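Each remark here refers to the structure printed beneath this line.
Predicted model, so just to flag it, every value in this text is computed and none were measured.
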Amino acid sequence: MGNSSLKRKLHSKRAVTEEKIRKLEREGRAGERYTATISDIAFLIVGLICDIGWIMHLIAGGWYFVRCRFHMGNRVMCFLDVLHAVALVSVIFGIIMIIYLGSIHEKEIATRLQKNLSFGVTIFGGLAAGIIGCVQLAMAQYFGGGELPCLLWMTAGGLLNFAFGLPIFASFKKGIRYSD
């Protein structure tokens, strides 16, 4: 029963997307779109794990910056904190774009710019956070510091975000032209 309910929801979502395509064609704005070619169930699973990753990253990032602020005494750690803050802001921006595209029913039929500003910014912000977090973890181990749990959660969340968001981003295929 649960599987058929999920299929009904996915089919209704696909119908809304197809109606959006027809509307864009009528308005002459369809143009060339990128479409996610990953299967619906796989999209949901990797999307959910990716969502868990960026949620972990944002919560731990907020906790880290409230608790530790910026390390003003150590220039290298302060610079890494600034880079990590930029990565957090980029993930937030990408998530806002994904939510916006979902609200206008263009998440699955995105233009190149929409695809890159939503999924691209989100997952590569997660990758940047993961790399910066690894360096910060090493520095915190060397210099000492009580922020290791925050850094660990931020790093793990960023890497989860990247690892499970990349298949979605990579599944978008170019060349679907809906009207001329």
Just distance, no hydrogens or angles: give the donor-acceptor pairs under 3.5 Å from side chains in residues 127-134, sequence neighbours left out.
none

Rounded to the nearest 0.5 Å, what separation is found between the [atom1] atom of [X] and the [atom2] atom of [Y]?
X: L152; Y: M154; atom1: CG; atom2: CE; result: 10.0 Å
X: L166; Y: S171; atom1: CG; atom2: OG; result: 10.0 Å
X: F119; Y: F172; atom1: CZ; atom2: CZ; result: 4.5 Å

task: Would you check if F169 and T122 make a side-chain contact, meaning some heavy-atom pair closer than 4.5 Å?
output: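 No, side chains not in contact.
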Same hydrophobic cluster for [X] and [Y], using side-chain heavy-atom links shorter than 4.5 Å among ILVMFWY?
X: I168; Y: I41; value: yes
X: L151; Y: L159; value: no
X: L160; Y: F162; value: yes

- prompt: Among all residues two or more places apart in sequence or in another chain, which pass the side-chain contact (heavy atoms from CB on, under 4.5 Å) test with A138?
  reply: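 With neighbours one apart ignored, the set is empty.
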query: Which other residues belong to the hydrophobic cluster containing W63, where Ile, Leu, Val, Met, Phe, Trp and Tyr are joined when side-chain heavy atoms lie under 4.5 Å apart, directly or via other members?
result: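 Under the 4.5 Å side-chain rule, W63 groups with nothing.
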Please set out all donor-acceptor pairs under 3.5 angstrom arising from side-chain atoms of residues 46-59, sequence neighbours excluded.
from	atom 1	to	atom 2	distance (Å)
D51	OD1	W54	NE1	2.9

List the atom pairs, donor and acceptor, that lie under 3.5 Å between side-chain atoms in residues 83-97 and the rest of the protein, sequence neighbours left out.
from	atom 1	to	atom 2	distance (Å)
H84	ND1	Q136	OE1	2.8
S90	OG	A87	O	2.7

message: If you apply the rule side chain to side chain contact (heavy atoms under 4.5 Å, CB included), what do you find for I45 with F164, and how did you get there?
response: CA-CA 9 Å; I45 292 169; F164 287 93; over 6 Å; no
Atom of I98, atom of S118 and distance for their closest heavy-atom approach: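 Answer, listing the atom of I98 first, then S118: CG1-CB, 3.5 Å.
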